[in-house]
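Quick note on labels: first sequence line is chain A, next is B, and so on, each numbered from 1. In this text, all values refer to a predicted model and were calculated from it rather than measured experimentally.
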Number of protein chains: 2
Amino acid sequence: MAQNDTVTRILDTAEVLFAERGFAETSLRHITSKARVNLAAVNYHFGSKKSLIQAVFARYLDPFTERFHDVLDELERRYQGDVIPLEVLLDSMARTVLEVPAERNSLKVFMRLLGLAYSQAQGHLRRYIQEHYGSVFTRFSSLVRQATPDLPDAERFWRLHFVLGTVIFTLSGLDALRDIAEKDYGEHVSVRELVDRLRPVVVAAMQAPLPSAEANHFPTAS
Amino acid sequence: MAQNDTVTRILDTAEVLFAERGFAETSLRHITSKARVNLAAVNYHFGSKKSLIQAVFARYLDPFTERFHDVLDELERRYQGDVIPLEVLLDSMARTVLEVPAERNSLKVFMRLLGLAYSQAQGHLRRYIQEHYGSVFTRFSSLVRQATPDLPDAERFWRLHFVLGTVIFTLSGLDALRDIAEKDYGEHVSVRELVDRLRPVVVAAMQAPLPSAEANHFPTAS
DNA sequence: CCACGTTTCAAACAAATGTTTATAATATAA
DNA sequence: TTATATTATAAACATTTGTTTGAAACGTGG
C-alpha cells in the first residue's frame, strides 16, 4: 500500500518531468521533491536512475505490446490467410497507440518519451527497448510486408521509418507545434484531428512511387 | 592565429560530441580534453556552455540561411512572378541543406544537431534558433503556400512539419538506421540514395488527399 | 504485545559539473 | 626592446549530481 503509493507517485512524477526536460536534465531531487517522497526512495525501489527510466517506459510499453499482439491476433483471425490491407494495419497500430495511454490521459507524455528514446543518446534505453519490445515491431513489419508486396524490402524498411519519424516527431513536439498553429490559425487541434490529418499523409507516403533512377543531381556527402 | 585555432578546435570537437551524446550529457571537460585545449578556454572564448551550444549552431545555420536566401532569390528571379513548383522548392531546400555542411563533410552532425534542437528541452536553443533563423523558414513557407494553393493553410502547416519530422528523424538517426538496414539488407545506403528515397515520399505526403470527414472512429485523448 | 521484515527519512558521501581567479606565456605595437 | 593587450594554464570554487548509510517509523504475523 504505502510502497505501491510511493512507487506510483515516483513513476507519475518522473514520466512528466522526463517528458518535459529529458532524462539527464531531470534530477532525482526534482522528481522526489515534486512527488513529495524521500530522495532515497528512488534508489530503494528502483535501484538506480537508469532503472527508473526503464520502469517508466515499461509502464507504457508492456500494456502496449500486449494489447497490440492481441489486436494483430484478432486481425489475422478475421482475415484468415488473406493479406491485411495496409490502411487497416496502420489504423490498428494508431488505435492501439492512442488507446493505451488514454487511460491516464497521457498520450502526450508517451509520445514525448518515445521521441526521447530515439533522440537522446542513452544507449541503455535503446538496447532495453530493442530487447524487450523488438518482437512486436518485427511482427508488424512482416504484416506490412504482405500488405505491400510491390515494395522492395529495403524501400519498405526506410518508408516505415520515414512515417515513424513523422508520427513521433509530430506528436512528441505536439505542444510546441500546437501553440504555433493556434497562434497562426486560431484553431485548437485535438490529437484526434491530428491523427486524421496524419492518416492520408502516412498512407500516401507508403504508397508513393518508387524513386526514379534519373534526376539525381545532388551533391553527395559522406 | 592561436585564438582562432583554439576556437575552431573547440567548435569542431564540441559539435561532434554534442551530436553523439546530446548537450547535457557532454561535459566541458570532455570537450576540452579531446580538443587538447584548456578547460577555461571555453568560458574565455564563448562565455558559457549555453553560448558554446549556440555558436555550434550558428556555424551551420549562418551559412545555410545566407545561401538559402540566395537560392530563393535566384528561384524568384527565374520564375519571375510565376509560382515555383513544389518539387523545385523542396529540391532546392534539400540541395542547400546538403551543400552547406558538405564542405566539412559533416551532414550527419548537422542533421543530428537539428534533431537535438527539436527534441532536447534546451529552451534557450529553440528561442535562439527561432529568433535568428525563423525568417528564412517563413519565407520558404509562403513560397510553398503559393505552390500548393489547394491546401488549406492549417493543413499545409501541419504537412510541412510532418515532412520535416520525416527528414530530421531519418537523417539524425541515420547511423543507427543504416546499421540495421545494412545488417538486414546487406546494402550500404549513402546519404544521396537516402535523399532519393525521401524525395517521392515527401512529395506524395504534401500532395496526399485531404482527410475525409468520415471514417474517424478513433478514441480520443486530451 | 512482541518480534521481524519492510519502508521511510535525514544526513552524509564521493564524484562530476560549470565557472572563476590569479598567474604565466605569448603575441602585438610603439 | 619595452610596454601592453591578448591568450593559455593550473588551481580552486561553489553547486549539483546519483548513491549509500544507519537509524527511525511502520506494518504484519505469531
Open item on the list: What is the separation between atom CZ on B:Phe46 and atom P on C:dT20, rounded to the nearest whole Å?
Closed with: 16 Å
- [ ] Please assess B:Thr148 against B:Arg156 for the test side-chain hydrogen bond (donor to acceptor under 3.5 Å, both in side chains), listing each intermediate value before the final yes or no.
- [x] CA-CA 8 Å; B:Thr148 56; B:Arg156 180 172 39 243; 3.0 Å; yes
Open item on the list: Can you classify the ring geometry of B:Phe137 versus B:His161 as parallel (below 30°), tilted (30 to 60°) or perpendicular (above 60°)?
Closed with: tilted
- [ ] Respond yes when some side-chain nitrogen or oxygen of A:His45 is under 4.0 Å from OP1 or OP2 of C:dT8, and no when none is.
- [x] yes
Open item on the list: Would you say A:Thr6 places a side-chain N or O within less than 4.0 Å of OP1 or OP2 belonging to C:dT7?
Closed with: no
Would you tabulate the pairs of protein nitrogen or oxygen atoms and nucleotide nitrogen or oxygen atoms of nucleotides 13-19 of chain D closer than 3.5 angstrom?
residue	atom	partner	partner atom	Å
D:dG18	OP1	A:Lys49	NZ	2.7
D:dG18	OP2	A:Leu28	N	2.9
D:dG18	N7	A:Arg29	NH1	2.7
D:dG18	O6	A:Arg29	NH2	2.7
D:dT19	OP2	A:Asn43	OD1	3.2
D:dT19	OP2	A:Lys49	N	2.9
D:dT19	O5'	A:Asn43	OD1	3.4

- [ ] Report yes or no: do A:Tyr44 and A:Thr6 form a side-chain donor-acceptor pair below 3.5 Å?
- [x] no
TODO: Please list, chain by chain and in numerical order, all residues satisfying ring pair (Phe, Tyr, Trp, His ring centres under 6.0 Å) with B:Phe140, sequence neighbours excluded.
DONE: B:Phe68
Task: Residue pair A:Gln54 / A:His132, side-chain donor-acceptor N/O under 3.5 Å - done: no
- [ ] Give the rounded distance in Å between these two atoms: NE2 of B:His30 and C1' of C:dA16.
- [x] 14 Å
Open item on the list: Hydrogens and angles aside, do B:Ser48 and B:Ser51 bring a side-chain donor and acceptor to less than 3.5 Å of each other?
Closed with: yes
Task: Rounded distance in Å - CZ (A:Arg9) to C1' (C:dT8) - done: 12 Å
Open item on the list: Less than 4.0 angstrom between a side-chain N/O of B:Asn38 and OP1 or OP2 of D:dT7, yes or no?
Closed with: no
Task: Whole-Å gap separating C1' (C:dT26) and CG (B:Asp5) - done: 14 Å
